[in-house]
Structures are given as C-alpha cells and as structure tokens.
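Okay, structure first, notes after.
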2 protein chains.
Amino acid sequence: MSTEARTVTLIDVAERAGVSRATVSLVIRDTGRVSEATRQRVRTAMSELGYVYNRGAASLRRQSADTVGVVITNVANPFFGELLRGLEAELTRSSLSCLIVNTGQDPAAQAAAVAELREHRVAGVAIVPASGSTPALVDQIRDSHLPHVFMTRYVKDAPTHYVGADDQLGGYLATRHLLEHGASTFAYLGGPSAVQSRWDRLDGVRRALAGGSLDPGAIIDLPGPSNGDGGLAAADQLLQAGSLPDAFICHSDQVAFGAFRALRRVNCDRLPRIVGYDDIPVARLWEPPLTSISTQAHELGQLAAQNLLRQLGAPTSRETLTTITKPELVVRESCGCPPAP
Amino acid sequence: MSTEARTVTLIDVAERAGVSRATVSLVIRDTGRVSEATRQRVRTAMSELGYVYNRGAASLRRQSADTVGVVITNVANPFFGELLRGLEAELTRSSLSCLIVNTGQDPAAQAAAVAELREHRVAGVAIVPASGSTPALVDQIRDSHLPHVFMTRYVKDAPTHYVGADDQLGGYLATRHLLEHGASTFAYLGGPSAVQSRWDRLDGVRRALAGGSLDPGAIIDLPGPSNGDGGLAAADQLLQAGSLPDAFICHSDQVAFGAFRALRRVNCDRLPRIVGYDDIPVARLWEPPLTSISTQAHELGQLAAQNLLRQLGAPTSRETLTTITKPELVVRESCGCPPAP
DNA sequence: CGATCCGGTACTTAAAACACA
DNA sequence: GTGTGTTTTAAGTACCGGATC
C-alpha cells in the first residue's frame with residue numbers, strides 16, 4: 001500500500017508491465033490480439049499498483065454511457081421502492097447503473113432533474129412523473145432525443161414510451177368484486193385529481209357500476225394525497241357527512257390504511273367493504289387482510305428497464321414502445337370475503 | 001431544432017459567440033473576468049445551440065466528482081427508503097447526486113458494488129452493510145482511502161465513520177415501558193442474528209430486565225428475517241410452544257405486523273403487548289396503533305450525508321466521525337396504553 | 001487566446017513470426 | 001538459403017469535452 005495519493009493510470013500500469021498504454025487498454029477490455037503472456041504481465045502490474053478503471057474517462061472517449069437516470073417522486077413509498085428494485089435489478093444485468101433523483105410531487109424539480117441527468121450524459125431516463133406534470137416535461141424529454149420511459153403514470157395527450165398497469169381494468173375489477181358482494185353505494189378515496197391514472201380507474205369503476213345497473217354518477221369522489229393522511233382525511237369527511245357508503249375503493253393501500261384508522265378512531269361499528277390498490281407487502285398482514293389490486297411493481301420495473309434497453313439497442317427507431325400490464329384482484333378479507341382456509 | 005445528432009461542445013458555442021473556448025468555460029462557471037456583454041452573447045449562443053454541459057468531461061479534468069455512491073440492502077423497505085430520502089435531500093443541497101446500488105443481503109454483492117462505485121470515481125460512499133458483513137468490507141473501503149460512512153449497522157471490531165441510532169437504548173426503552181405495564185415474560189422476535197444491532201438491542205432489553213429485577217436470561221430469543229415473514233414465523237413458533245409471553249419486542253415494525261397476523265390467524269383471544277422498531281409511517285395506522293421505537297430514518301440519512309460532506313471538506317483528517325442518535329419510544333396502543341384523546 | 005492536460009479508446013502503422021514456394 | 005505473403009502482436013497517436021495557466 002503506497003501512501004501516495006496520485007491516481008494510478010494506464011501509463012503507470014504500462015510502464016510497470018513494459019508495454020504500451022494501448023496494450024493495457026486492450027487487456028482491460030479483453031479484446032484485441034494480445035498474447036497470453038503479456039496479458040498476465042499486465043494483470044499482475046494492475047493488481048500490484050492497485051489500478052482502478054476510470055469509467056468516466058472511458059465513456060467520454062467512447063461517447064457512450066453506462067448509467068441510466070431514474071426520476072422518482074418518493075423512494076420511501078413501498079410501491080415505488082419495489083418498482084425501483086425491479087428496474088435496478090434488470091439494468092444491473094446489462095451492467096448499467098442507476099443515478100436516482102428523488103423529486104417529490106414537483107414538476108419543476110423533475111424538469112431540473114432531467115436537465116441534470118442530461119449533463120451527466122446518462123444513456124436514458126426512467127421517470128415516474130409527478131401528479132401535476134404537464135406535456136412540457138414530455139416535450140423536454142422527447143425533443144432532447146434521450147431514450148426514456150415513463151412509468152405507472154402517463155401524461156394525457158403526450159404519447160411516450162410507457163410502462164404501466166391498465167388502470168381502467170384495475171378500477172373495474174375492484175368494483176365488480178364489490179358489486180358481487182352486494183355493495184350498492186361507493187366512494188373512491190384518495191389520489192391526486194391531477195393524475196391521469198385516477199381518472200382511468202374511476203372510468204373503470206363507472207363501467208362496472210353501469211354493468212351492475214347502478215348509476216355510474218352516484219359514486220362519491222374524494223381526491224387527496226395518495227398516502228395514509230389522504231385516507232384519513234377522506235374517511236373523516238365521509239364520517240362527518242353522516243352516512244357511510246357500503247364500499248370504499250382506495251387509490252392505494254396506504255389510503256386504505258388511513259381510512260381504516262379514521263373509522264376505528266370513532267369506533268365505527270360496521271366497517272364498509274374496502275379494497276386497496278398496489279398490493280404492497282403489508283397488505284396481507286393488515287387486519288383484516290387487505291383485498292387489493294396488484295400491479296406487480298417489481299415486474300413493472302423490469303419491463304421499464306427492458307423498454308429502455310430496447311431503445312438503447314435501436315436508437316433511431318421511430319415507434320413508441322408501450323407496455324400495459326393487467327392488474328389482478330387479490331382477494332383477502334377487507335372486501336367481506338371469508339378467511340382463506 | 002437541428003436534426004443533427006452530433007453533440008454541441010464548447011467549441012461550437014465559442015464559434016457562434018465569436019469568442020474562445022476558454023471564455024465560454026468561464027461564463028459557464030460564472031468565474032473569471034468576462035464583460036457582461038460577452039457573457040450575454042455566450043449565453044445566447046448556448047441556448048440557441050441547445051448546449052448541454054458535460055459533467056463527466058469536467059470532472060475528469062478537474063479530478064473531482066459530483067456523485068456519491070449509495071449501497072443499500074433493500075430500497076423497497078420503507079425504513080431504508082426514508083433513510084435514502086434524507087440522504088439524497090441533503091446531498092442535493094450540496095449539488096451532489098446519488099448513484100444507488102441495491103445489493104440485497106449479500107456481502108459479496110456489496111463488495112462488488114463498492115468496487116464498481118470506485119470505477120465511477122464517486123466522491124464517497126454511504127453504506128448500509130448487509131447482515132453478514134465481515135471486517136473485510138470495512139478494510140476494502142478504508143484501504144481505498146475513499147470517504148465513506150456506514151449507516152444504521154456497524155461491523156463489530158472494525159471502527160469506521162458511522163451514523164446510527166443507539167440500539168442498546170432502543171431495546172432498553174421498549175422493555176422498560178413494557179415492564180411498567182407489568183409484563184413479566186418477554187420474547188424478542190425477528191432480525192438476523194448476524195447483525196450487531198440485534199445484539200445491542202438485546203443487551204438493552206436485558207439491562208432493563210435486570211433493572212426491573214427480572215431474570216435477564218429468561219427472554220425468549222427468536223431470530224429471523226427482519227420482515228413480515230420473520231414475524232409470522234417467530235410468532236407461529238411461540239404459538240406452537242403453547243404458552244405466549246406477555247410481551248413481544250420486535251426487531252422491526254414489519255416483524256410486528258407479521259406477528260399480529262400470526263396471532264389473529266388462530267383467533268388468539270388475548271394479544272400480548274407488542275412493540276415495534278423503526279416507526280415507519282403505517283405504524284400509527286395499524287390496529288391497534290403500533291407502539292414503536294423511532295429512529296428517525298430521515299434524520300439519520302441527513303446526518304450520514306453531513307458526515308460524508310465533512311470528510312469531503314477535510315480529506316486528510318485522521319479522526320473517525322461517529323454520530324449516535326437517541327431513539328425515542330413512540331407510545332401508541334399496541335403496548336397496552338389507552339388511546340390518545 | 002492558444003497550448004496542454006485529465007484518463008481512457010480507436011484507428012493506423014510497424015515489427016516480428018510463421019508459412020510456403 | 002532467399003524472397004514474398006500473411007498473420008499475430010504491439011506501439012504510436014489523434015481525440016473525446018472541458019479546465020487551467
């Protein structure tokens with residue numbers, strides 16, 4: 001271990017191994033015609049000197065990146081955390097790294113994040129757009145010719161590469177199941193009214209209601225944050241109003257958890273049937289075990305990565321890559337179903 | 001918008017503005033003596049050409065990085081997610097970005113991650129070591145003279161820059177409170193036996209038991225994964241054994257959630273007093289609202305960032321920077337306390 | 001403002017090794 | 001033993017986009 005701080009470069013290794021810089025470079029990348037003898041000599045020199053490859057310098061010269069930017073609204077949300085895991089795992093398989101920026105629900109911060117990622121010369125970006133995103137963000141990215149994929153939320157009237165679950169179907173599945181239970185009055189709790197996915201889910205809800213010969217307009221609509229507080233506030237509002245609907249459809253499991261708390265806080269005697277959304281890991285541990293719409297966050301992350309990788313493989317392709325997955329109803333007990341045996 | 005793919009460089013901007021490359025560089029960094037008129041001309045040229053700064057090239061020349069590596073076991077865990085948010089927010093304030101690697105509980109993957117981050121020439125690394133980490137990981141990092149900080153878990157007999165909560169105190173606080181409730185038989189559920197923090201918390205538990213003139217050795221010790229499954233398995237084991245202890249101290253809130261589910265699955269008539277750990281956001285929504293030990297994940301992340309930033313400011317300092325925060329007992333109802341008014 | 005440098009990569013050129021007449 | 005052609009191996013050098021003097 002030398003106490004010297006100067007970084008060890010190709011030249012140092014070359015000198016020590018008695019070869020040229022170029023040869024060392026070939027050995028590192030395992031290409032070119034270099035005899036096995038010199039290969040070994042170079043490798044020995046590398047480890048003796050504690051050489052560390054400089055990816056930045058390499059990608060500058062090569063004009064290519066081995067990093068992908070990820071813009072996400074909240075890493076601490078288990079759903080996005082899981083999404084991120086899937087994304088990261090798949091990118092790692094192609095030896096790409098993730099540069100992550102956590103923006104919160106701020107479109108301006110997201111635009112700034114994308115600009116910064118471009119300065120980092122990322123190979124592409126994967127984005128969960130903030131609730132209030134406008135087509136401007138989409139345009140910014142599309143005009144920059146940067147490979148990109150939007151995840152779980154899309155911006156209306158701004159087609160992009162996109163990976164997400166079929167929200168309409170999700171809303172439909174939840175509602176149909178509740179109808180089968182005999183529910184006749186419905187509320188949709190939480191979720192910012194600005195996100196398209198909320199409208200889509202509500203469309204699904206209304207479609208199911210119409211199919212059950214109920215008035216699709218009768219649903220009580222309570223937008224709010226997509227977290228515990230949102231559920232708490234929405235349920236409180238319903239409690240204030242006096243009469244509770246039979247069924248709650250929640251924009252996320254977190255919203256459902258908040259709704260439960262609000263109801264229990266006032267010792268509500270008869271809990272409505274409740275369905276969550278996302279099926280995060282605690283949902284099955286909840287009391288009662290939470291019936292939810294599973295969107296397979298991990299898989300969505302993988303698909304997003306694959307979408308991006310395809311763009312990296314065919315940079316000039318003109319087509320828009322879109323993957324819509326089918327969410328699934330995970331039946332547990334909060335909807336009124338009996339415990340599984 | 002030109003359809004040309006070639007990247008716009010300083011030279012292009014310089015040409016257009018009728019100045020030299022160097023001048024443009026000065027304008028970008030807002031330094032040097034350049035007249036306001038020229039500055040404007042350069043700025044105009046930049047935006048007209050759609051110039052994008054190349055941080056990679058700059059940091060190659062400047063021999064400094066604006067990225068910090070983060071090695072984390074599981075982003076999807078709300079506790080680590082929150083930690084990450086605090087870290088990221090604080091680093092962003094110093095205009096540093098996060099390169100995140102999700103390793104799972106695999107020490108080898110962590111070592112590989114650190115090696116890769118070094119190739120990326122990160123300014124430093126922040127790490128949550130995997131359960132089975134050995135001093136080898138610590139040595140690898142220390143020998144590389146890379147600024148670093150370990151978070152929430154440390155490796156015994158391998159002192160490093162470290163930020164974490166006082167686990168002994170956490171175990172003590174939980175136990176003392178349960179003793180005040182009159183509990184006399186205890187179980188500690190979940191958490192891999194390989195992590196030091198688990199031993200520390202158990203020490204705290206034992207200290208409290210001794211203080212309450214109970215046998216410190218009598219505690220039932222059930223190690224396992226620190227998630228819902230771990231809690232499920234541990235509680236099931238206790239149920240099999242026949243007699244349930246009065247009090248459960250869980251290694252994480254997730255473990256507590258799993259334990260609750262296991263108990264409810266068999267319609268357990270009298271639930272033990274249960275205390276969780278971490279105080280993740282859903283804890284307060286749980287039924288009953290979960291009493292937990294709060295370690296303020298967000299703040300820990302911030303402190304880790306500050307620790308790292310201090311090292312970046314004084315690279316040659318010989319001292320080991322350690323911050324131990326005081327966890328707090330958050331009293332709710334799962335311990336047996338009455339609901340807050 | 002021009003020259004040089006940061007640490008790699010890519011392309012060109014040349015020396016050496018081996019084949020076969 | 002010499003000459004020519006081909007292949008293997010390695011060296012030389014311009015260059016990537018900024019920073020510094």
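Because the structure is predicted, anything quoted here is derived from the model rather than measured. Quick note on labels: first sequence line is chain A, next is B, and so on, each numbered from 1.
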If you look at every strand shown and take non-hydrogen atoms under 4.0 Å, does A:Val19 touch a base, only sugar-phosphate, or nothing? sugar-phosphate

Just checking, is any N or O donor in the side chain of B:Glu116 or A:Ser97 under 3.5 Å from an acceptor N or O on the other one? yes

With a 4.0 Å cutoff (strictly under), does any side-chain N or O of A:Gln63 reach OP1 or OP2 of D:dC15? no

Assess whether a salt bridge exists between B:Arg85 and B:Glu88, defined as any Lys/Arg side-chain N lying under 4.0 Å from an Asp/Glu carboxylate O. no

For A:Val27, which contact category applies under a 4.0 Å heavy-atom criterion: base, sugar-phosphate, or nothing? nothing

Taking only side-chain N and O atoms of B:Thr7, does any of them lie within less than 4.0 angstrom of OP1 or OP2 on D:dG17? yes

Across the strands shown, which category fits A:Ala58 at heavy-atom distances under 4.0 angstrom: base, sugar-phosphate, nothing? sugar-phosphate

So if I take every side-chain heavy atom of A:Val34 and compare against D:dT13, D:dA10, D:dC16, which nucleotide ends up nearest? D:dA10

Whether B:Glu90 and B:Arg93 form a salt bridge (side-chain N of Lys/Arg under 4.0 Å from carboxylate O of Asp/Glu) is what I want to check. yes

Where the side chain of A:Arg61 is concerned, which of D:dA19, D:dA11, D:dC16 is the nearest nucleotide? D:dC16

If I take atom CG in residue B:Asp66 and atom C1' in nucleotide D:dA19, what distance separates them, rounded to the nearest angstrom? 15 Å

Walk along DNA chain C from 5' to 3' and tell me the first and last nucleotide with an atom closer than 4.0 Å to a non-hydrogen atom of chain A. C:dG7 to C:dA10

Between CZ of B:Arg21 and C1' of D:dC16 the distance, given in whole Å, is 12 Å

Rounded off to whole Å, could you give me the CD1-to-P distance for the A:Ile11 and D:dT13 pair? 13 Å

At under 4.0 Å between heavy atoms, what does B:Thr23 touch on the DNA or RNA strands: base, sugar-phosphate, or nothing? sugar-phosphate

Using only atom types and a distance under 3.5 Å, with no angle test, would you say the side chain of A:His161 pairs donor to acceptor with the backbone of A:His148? no

Identify, between B:Ala22 and A:Leu10, the residue whose nearest nucleotide on DNA chain C lies closer to the 5' end. B:Ala22

So, does B:Thr9 get its side chain near the phosphate of D:dC16, meaning an N or O under 4.0 Å from OP1 or OP2? no

Pairing partner of C:dG2, by Watson-Crick or G-U wobble and under 3.5 Å for both distances, is D:dC21

Is the phosphate of D:dT9 approached by A:Ser35 (side-chain N or O, under 4.0 Å from OP1 or OP2)? no

Classify the side-chain pair B:Ser25/B:Arg29 by whether it contains a donor and acceptor separated by less than 3.5 Å. yes

Between B:Ala45 and B:Ala17 the two heavy atoms that sit nearest each other are CB-CB, 4.0 Å

Mind telling me whether A:Tyr162 and A:Tyr154 have parallel, tilted or perpendicular rings, with 30° and 60° as the class edges? perpendicular

Mind calculating the distance between OH (B:Tyr53) and P (D:dC16) to the nearest angstrom? 18 Å

Whole angstroms only, please: what is the CG-P distance between B:Leu26 and D:dC21? 12 Å

If you look at every strand shown and take non-hydrogen atoms under 4.0 Å, does A:Ser59 touch a base, only sugar-phosphate, or nothing? nothing

Need one value for A:Val13: base, sugar-phosphate or nothing, where a base atom within 4.0 Å counts as base even if backbone is also close, heavy atoms only. nothing

With a 4.0 Å cut-off on heavy atoms, is B:Arg62 in touch with a base, just the backbone sugar-phosphate, or nothing at all? sugar-phosphate

d(CZ, B:Arg29; C1', D:dG18) in whole Å: 8 Å

Let me know the distance between CD of A:Glu36 and P of D:dT9, rounded to the nearest Å. 10 Å

Which is it for A:Thr67 and A:Arg55 under the side chain to side chain contact (heavy atoms under 4.5 Å, CB included) test, yes or no, and what are the steps along the way? CA-CA 10 Å; A:Thr67 303; A:Arg55 287 175 189 254; over 6 Å; no

